[in-house]
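Residue numbers start from 1 in every chain, and the chains themselves are labelled A, B, ... in the order their sequence lines are given, proteins ahead of strands.
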2 protein chains.
Amino acid sequence: MKWDSLEDEPCSLARTVAVIGDRWSLLILRECFLRIRRFDEFQASLEITRHLLADRLKKLVRFGVLRRIPYQESPKRYEYILTQKGLDLYPIIMSIVHWGNIHMVDSRGRPMLHQHKSCGKMFDPVMVCSECGEPLSAKAVHVHPGPGARRPSPVLEQRTKRGLESR
Amino acid sequence: MKWDSLEDEPCSLARTVAVIGDRWSLLILRECFLRIRRFDEFQASLEITRHLLADRLKKLVRFGVLRRIPYQESPKRYEYILTQKGLDLYPIIMSIVHWGNIHMVDSRGRPMLHQHKSCGKMFDPVMVCSECGEPLSAKAVHVHPGPGARRPSPVLEQRTKRGLESR
DNA sequence: GTTGACGGTTCTAAAATAGAACTTTAAGAC
DNA sequence: GTCTTAAAGTTCTATTTTAGAACCGTCAAC
């Protein structure tokens with residue numbers, strides 16, 4: 001499958017993966033949330049080649065995750081800042097960090113701690129149900145085809161039994 | 001930067017990205033959460049080459065996200081199931097899906113809906129603070145170096161001012 | 001004794017990435 | 001005036017990764 005066809009899949013995960021599903025995009029976004037904004041700053045803090053950095057920044061701008069705005073005239077210089085769409089990636093970034101905190105730390109402990117300004121405490125992110133507020137786990141969730149599924153739902157059952165022809 | 005050096009970075013995001021930070025790993029994990037378990041099932045539902053599928057499954061087993069267990073003897077056949085470490089990836093998967101639901105849907109609407117078994121309602125995932133229960137946003141969070149940071153914190157300030165030599 | 005399922009491995013061509021050098025515009029030092 | 005530096009890229013070649021297809025080994029069923 002080509003990268004381009006990913007964003008047309010009838011799957012919100014696949015479409016999001018088309019935007020952030022590579023190593024460098026996620027690391028660039030990490031830097032964005034740490035207030036990094038300029039090409040050379042990204043380049044200094046990530047061991048990324050200039051070529052790929054330019055490429056990924058362009059992609060993130062194209063998808064509306066970053067905005068490229070001039071911060072000086074003559075010579076024109078730009079910086080990259082998160083749009084609202086980009087800021088909305090925060091739960092993804094935080095859940096990735098949290099999983100690493102739980103499963104990938106060495107004996108020295110966590111590389112970074114997070115403090116919630118509102119309540120003042122060091123915290124972990126918790127994912128809860130928007131309706132009842134209880135923490136979520138995979139086993140407590142049922143999935144249903146939505147209006148944007150590949151085919152109208154009554155057909156889907158049969159298609160699955162006959163085998164997945166076109167996917 | 002090589003893939004291998006990613007998992008040694010003093011950053012929980014980078015270490016997690018070493019495990020799941022590529023297109024195919026995330027799509028394979030999506031299938032795992034949809035109860036797909038066998039090589040040929042993965043191959044049928046993803047347009048992945050057998051070569052890469054074998055490679056990624058091996059990687060996920062190596063990192064302890066999946067377990068490879070025989071489901072029949074002679075001939076030996078295996079299936080891949082999520083470990084607890086793998087099940088803990090659920091918030092990452094769900095936050096990725098949710099971002100896609102908000103920012104990447106077309107006019108037809110969401111491809112998939114999620115129902116919470118506990119309360120029975122269709123829901124969205126919400127990320128909240130473990131301490132006060134309020135929803136989290138990037139701007140309400142302060143970061144601090146933790147015990148596993150690259151260097152003891154007092155030095156970090158100066159190093160940053162002098163420039164980032166080794167990163 | 002041939003066919004088919006399953007779970008891979010091996011092969012070549014195409015695409016992506018790494019690493020380094022080069023470019024452009026303009027300011028500041030000498 | 002000339003030289004150096006800075007920022008934000010672009011261009012180049014070599015290496016690595018991925019795509020796409022064919023092949024392999026084991027067993028069961030026909």
Participant: Can H144(A) and Q115(B) be counted as having a side-chain donor-acceptor contact under 3.5 angstrom?
Facilitator: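 Yes, a side-chain donor-acceptor pair sits under 3.5 Å.
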
Participant: Under 4.0 Å between a side-chain N/O of R56(B) and OP1 or OP2 of dG8(C), yes or no?
Facilitator: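 No, R56(B) has no side-chain N/O under 4.0 Å of OP1/OP2 on dG8(C).
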
Participant: Give a yes or no on whether a salt bridge exists between K59(B) and D22(B), defined as a side-chain N under 4.0 angstrom from a carboxylate O.
Facilitator: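 So K59(B) pairs with D22(B) through a salt bridge.
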
Participant: Return the value, rounded to whole Å, for the distance between atom CD of E47(B) and atom C1' of dA21(D).
Facilitator: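 Rounded to the whole Å, the gap is 15 Å.
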
Participant: Given dA19(D), is OP1 or OP2 found less than 4.0 Å from the side-chain N or O atoms of R23(B)?
Facilitator: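 Yes, R23(B) has a side-chain N/O under 4.0 Å of OP1/OP2 on dA19(D).
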
Participant: Rounded to whole Å, how long is the line connecting atom CZ of F39(B) with atom C1' of dG8(C)?
Facilitator: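 Taking CZ of F39(B) and C1' of dG8(C), I get 5 Å after rounding.
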
Participant: Picking from dG20(D), dA7(D), dG7(C), which would you name as closest to the side chain of Y71(B)?
Facilitator: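 Nearest to the side chain of Y71(B) among the choices is dG7(C).
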
Participant: Side-chain N or O of R50(B) less than 4.0 angstrom from OP1 or OP2 on dT18(D)?
Facilitator: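 The answer is no; no side-chain N or O of R50(B) sits under 4.0 Å from OP1 or OP2.
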
Participant: Can you label the angle between the F42(B) ring and the Y80(B) ring as parallel, tilted or perpendicular, going by 30° and 60°?
Facilitator: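 The rings of F42(B) and Y80(B) stand perpendicular, inter-plane angle above 60°.
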
Participant: CG of L53(B) versus P of dT9(C): gap in Å, rounded?
Facilitator: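 For the pair L53(B) CG and dT9(C) P, the rounded distance is 11 Å.
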
Participant: OP1 or OP2 of dG7(C) sitting under 4.0 Å from any side-chain N/O of K58(B)?
Facilitator: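 Negative; the distance criterion is not met.
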
Participant: Between dA7(D), dC27(D), dT17(C), which nucleotide gets closest to the side-chain atoms of D40(A)?
Facilitator: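 My answer, after comparing the listed nucleotides, is dA7(D).
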
Participant: How many Å lie between NZ on K76(B) and P on dG8(C), as a whole number?
Facilitator: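 After rounding, the gap between these two atoms is 12 Å.
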
Participant: Does a side-chain N or O of Y78(B) approach OP1 or OP2 of dT26(D) to a distance below 4.0 Å, or not?
Facilitator: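 No, outside the criterion.
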
Participant: P75(A) or L52(A): which one's nearest nucleotide on DNA chain C is closer to the 5' end?
Facilitator: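 Comparing both residues, the 5'-ward one is L52(A).
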
Participant: Mind checking if T49(A) touches a base, just sugar-phosphate, or nothing, with heavy atoms under 4.0 Å?
Facilitator: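 Result for T49(A) = base.
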
Participant: Output yes when E79(A) and R38(A) qualify as a salt bridge under the 4.0 Å nitrogen-oxygen rule, no when they do not.
Facilitator: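 The answer is yes: the pair qualifies as a salt bridge.
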
Participant: Are F33(B) and Y90(B) near enough that their ring centres are under 6.0 Å apart?
Facilitator: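 When the ring centroids of F33(B) and Y90(B) are compared, they turn out to be within the sub-6.0 Å range.
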
Participant: Can you check the Q43(B) CD to dA19(D) P distance for me, whole Å?
Facilitator: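 Whole-Å distance recorded here is 12 Å.
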
Participant: Please tell me which of H51(B) and D22(A) maps to the more 5' nucleotide of DNA chain C, matching each residue to the nucleotide holding its nearest heavy atom.
Facilitator: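 Going by which nucleotide is closer to the 5' end, it is H51(B).
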
Participant: Roughly how many Å is it from CG in L27(B) to P in dA19(D), rounded to a whole number?
Facilitator: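 These atoms are roughly 11 Å apart.
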
Participant: Starting from C1' on dG25(D), measure out to CD on E73(B) and report it in whole angstrom.
Facilitator: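 About 17 Å, once rounded to whole Å.
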
Participant: In terms of side-chain heavy atoms, does H116(B) have a donor or acceptor partner in S118(B) at a distance below 3.5 Å?
Facilitator: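 Judged by distance alone, the side chains do pair up.
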
Participant: With heavy atoms under 4.0 Å as the rule, sort F42(A) into base, sugar-phosphate or nothing.
Facilitator: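 No contact at all - F42(A) keeps every heavy atom at 4.0 Å or more from the nucleic acid.
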
Participant: Between the base of dA7(D) and the side chain of R77(A), is there any donor-acceptor pair under 3.5 Å?
Facilitator: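 Checked by distance alone, the answer is yes.
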
Participant: For Y80(B) and dG8(C), is the shortest distance between a side-chain N/O and OP1 or OP2 below 4.0 Å?
Facilitator: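 For dG8(C), OP1 or OP2 has a side-chain N or O of Y80(B) closer than 4.0 Å.
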
Participant: Expressed in angstrom and rounded to an integer, what is the separation of L6(A) atom CG from dA19(D) atom C1'?
Facilitator: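 Rounded to whole Å, this separation is 14 Å.
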
